[in-house]
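Residue numbering restarts at 1 for every chain, and letters A, B, ... go by the order of the sequence lines.
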Amino acid sequence: MKSELVLYNTLTREKEQFKPINPPCVGLYVCGPTVYGDPHLGHARPAITFDLLFRYLREEGYKVRYVRNITDVGHLQNDADDGEDKLAVKARLENLEPMEVAQYYTDRYHHAMDELGVLPPSIEPRASGHIMEQIELVQEILDNGYAYESNGSVYFDVEKYAAKHNYGQLSGRKIEDMLCNTRELDGQCDKQRPLDFALWKKAAPEHIMRWKAPWSLGFPGWHLECSAMSVKYLGERFDIHGGGMDLMFPHHECEIAQNTAASGHGAANYWMHNNMITIDGQKMGKSLGNFITLEELFTGTHKLLAQAYSPMVIRFFILQAHYRSTLDFSNEALQAAEKGLDRLMAAVETIDKVMPGKASTVDVSDLERRCREAMNDDLNSPMVISALFDWVRIINQLHDGTQTISAGDLEALRRIVHRFVFDILGLRNDAAAEKNDLVGPLVEMLLEMRQQAKADKNWAASDKIRDELTRIGIVVKDRKDGYDWSIK
RNA sequence: GGUCUGAUGGCCGAGUGGCUAGGCACAGCUCUGCAAAAGCUGCUACAGCGGUUCGAAUCCGCUUCAGACCUCCA
């Protein structure tokens with residue numbers, strides 16, 4: 001139970017010992033997707049990063065309530081554009097109800113996450129289902145004097161807030177700097193000052209998604225849902241808030257401001273931000289149009305892709321970099337990840353073939369120690385993988401007989417490897433799953449026949465069996481005393 | 001323009017003052033009917049220029065380059 005976990009807190013810009021408010025409970029909130037398009041590689045990063053955290057906390061004995069929202073309320077492209085939101089535009093283009101669009105992409109997102117081995121969160125609230133809570137939050141902020149109504153819309157009064165509180169504490173921005181650098185978006189804006197942001201927006205006639213509120217028929221500001229829903233499900237104070245680095249400002253900064261304006265303090269103790277995935281050194285993102293969807297990745301249907309990459313390769317690729325580093329996409333890197341993952345999975349299977357000896361020439365505790373130390377150091381998954389690969393070699397040596405291991409140690413090794421590879425890193429051995437009751441015995445039968453052919457020095461028959469199996473994707477590896485096989 | 005990150009070997013990617021992560025690629029060897037796999041060995045880098053130090057990829061300064069945020073974004 002006692003954890004040595006250290007996490008980097010964006011709020012303090014330091015690695016801090018993780019101390020939950022009410023152990024063994026942990027409250028975790030992560031910003032989820034806006035469901036108006038197919039999930040892309042960028043979505044996989046936070047999902048996998050915080051899935052890793054979720055899994056590790058659970059393994060460490062914490063009872064985690066993990067909340068990840070679905071943004072299904074259309075928000076405006078920008079303040080000057082009073083017309084349509086992204087969801088509505090999509091709905092019109094595809095001739096659908098906005099909620100139909102949201103549902104469709106929510107399902108697509110869920111499916112992709114499932115493929116990637118991302119566990120479902122404990123609660124997945126939708127913004128559209130929490131309009132009441134958002135309206136109440138706006139009212140509280142108004143009551144506390146940190147917001148004003150203007151022509152049916154409600155804006156957060158940043159200047160007034162900043163006089164008492166630290167607006168910019170998370171992003172490290174200074175309000176004076178922001179003031180000089182705000183681009184004035186002209187037009188029909190009801191804001192008093194450029195830094196103010198919308199809490200409630202009066203809907204233009206063509207705006208389809210709208211709800212009734214004391215101020216107007218309208219829709220909530222886009223920072224609002226996270227403030228309202230995190231507090232609703234995790235309490236006024238909770239442990240960890242996560243999301244992509246690009247959300248730090250303004251989204252998370254505004255969240256803190258909203259919570260503080262309502263209750264006097266921010267909600268989360270630790271703020272964690274994953275870095276971006278880049279493509280040719282540039283951020284991959286919807287707005288840049290250079291993103292690759294997860295489905296394209298899984299099927300290899302994108303002009304930049306040399307081949308298809310399985311969900312587990314994507315997961316492994318992401319875990320091989322630390323979550324706070326940018327990770328550059330390339331076919332070469334993905335292919336390297338694919339081969340590395342194959343080797344790791346082969347070794348996991350090899351453990352079961354190792355014959356125990358009397359005494360151990362290897363120290364199994366070394367693996368567990370290194371993996372835990374790495375995880376405890378701000379989720380250093382690359383270091384975990386590095387330790388595992390050192391043990392891939394050792395496992396192969398055990399199998400070859402150049403090292404020996406006792407039965408007890410072997411069982412411990414199996415347990416540790418499975419725990420870190422499957423339970424914590426969340427990897428899956430998809431190839432092993434294909435070795436089902438039908439394929440297994442068939443292959444075994446053919447390989448027994450091949451053994452006979454080899455014994456008879458009938459190389460033509462032996463090679464034919466092997467070549468034919470290779471052709472249909474089954475790799476045969478001869479050993480001194482028999483054979484191994486696997487599905488490619 | 002403001003704020004902030006980063007620059008590591010053929011590629012990806014850890015590491016924060018001395019003890020040379022790991023993966024992929026490449027080369028040689030062992031094993032082997034051949035092949036594959038595996039093992040062993042080799043390849044040993046930290047953008048540039050100064051400074052601090054017994055010692056710097058790691059700390060400080062400057063330069064160059066790249067990226068992110070400042071507007072929706074994971």
* Asked: Between the base of B/rG33 and the side chain of A/Ser462, is there any donor-acceptor pair under 3.5 Å?
  -> yes
* **Options B/rA38, B/rC31, B/rA21, nucleotide nearest the side-chain atoms of A/Arg343** => B/rA38
* Taking the side chain of A/Gln397 as heavy atoms from C-beta outward, which of B/rG23, B/rA36, B/rC40 is closest to it? -> B/rC40
* 5' priority, RNA chain B, between A/Arg370 and A/Ala321 [closest heavy atom] -> A/Ala321
* Just name whichever nucleotide pairs with B/rU30, Watson-Crick or G-U, keeping both distances under 3.5 Å, else none. => B/rA38
* Asked: Do A/Leu447 and A/Leu469 come close enough that some side-chain heavy atom pair is under 4.5 Å?
  -> yes
* Closest to side chain of A/Arg466, choosing from B/rG33, B/rG13, B/rG22 -> B/rG33
* **d(CG, A/Leu388; C1', B/rC24) in whole Å** => 17 Å
* Asked: Quick one: is B/rC70 close enough that its OP1 or OP2 comes under 4.0 Å of any side-chain N or O from A/Lys174?
  -> no
* Structure fact -> Pairing partner of B/rC43, by Watson-Crick or G-U wobble and under 3.5 Å for both distances, is none
* So what's B/rA68 paired with, Watson-Crick or G-U wobble, going by both distances under 3.5 Å? -> B/rU3
Please tabulate, for side-chain N and O atoms in residues 310-323 of chain A, each donor-acceptor pair with protein atoms closer than 3.5 Å (sequence neighbours left out).
from, atom 1, to, atom 2, distance (Å)
A/Ser310, OG, A/Val313, N, 3.3
A/Arg315, NE, A/Leu425, O, 2.7
A/Arg315, NE, A/Gly426, O, 3.3
A/Arg315, NH1, A/Asp51, OD2, 3.2
A/Arg315, NH1, A/Leu116, O, 2.9
A/Arg315, NH1, A/Gly117, O, 3.1
A/Arg315, NH2, A/Asp51, OD2, 2.7
A/Arg315, NH2, A/Leu425, O, 2.9
A/His322, ND1, A/Arg324, N, 3.3
A/His322, NE2, A/Asp378, O, 2.8
A/Tyr323, OH, A/Asp378, OD1, 2.6
A/Tyr323, OH, A/Asp378, OD2, 3.3

* Asked: For A/Gly42, which contact category applies under a 4.0 Å heavy-atom criterion: base, sugar-phosphate, or nothing?
  -> base
* So do the side chains of A/Tyr105 and A/Asp38 get within less than 4.5 Å of each other, counting heavy atoms only? -> yes
* **First encountered from the 5' end of RNA chain B, between A/Asp463 and A/Asn274** => A/Asp463
* Tell me: CZ of A/Phe249 to P of B/rC70, nearest whole Å? -> 8 Å
* Asked: Within the pair A/Ser171 and B/rU3, is there a side-chain N or O less than 4.0 Å away from OP1 or OP2?
  -> no
* **Under 3.5 Å on both distances, the Watson-Crick or G-U partner of B/rU52** => none
* To do: Side chain of A/Lys283 only, please: which of B/rA74, B/rG33, B/rC24 is the nearest?
  => B/rA74
* Which salt bridge (Lys or Arg N to Asp or Glu O under 4.0 Å) pairs, counting each pair once, include a residue from residues 240-256 of chain A, with sequence neighbours left out? -> A/Asp246-A/Lys283
* Any idea which of B/rG33, B/rA14, B/rA74 is nearest the A/Asp246 side chain? -> B/rA74
* Knowing that exactly one of A/Thr361, A/Thr402, A/Val362 qualifies, which makes a side chain to side chain contact (heavy atoms under 4.5 Å, CB included) with A/Gln397? -> A/Thr402
* Ignoring backbone atoms, test whether A/Arg393 places a side-chain nitrogen or oxygen under 4.0 Å from the OP1 or OP2 oxygen of B/rU41. => no
* For A/Lys454 and B/rG33, is the shortest distance between a side-chain N/O and OP1 or OP2 below 4.0 Å? -> no
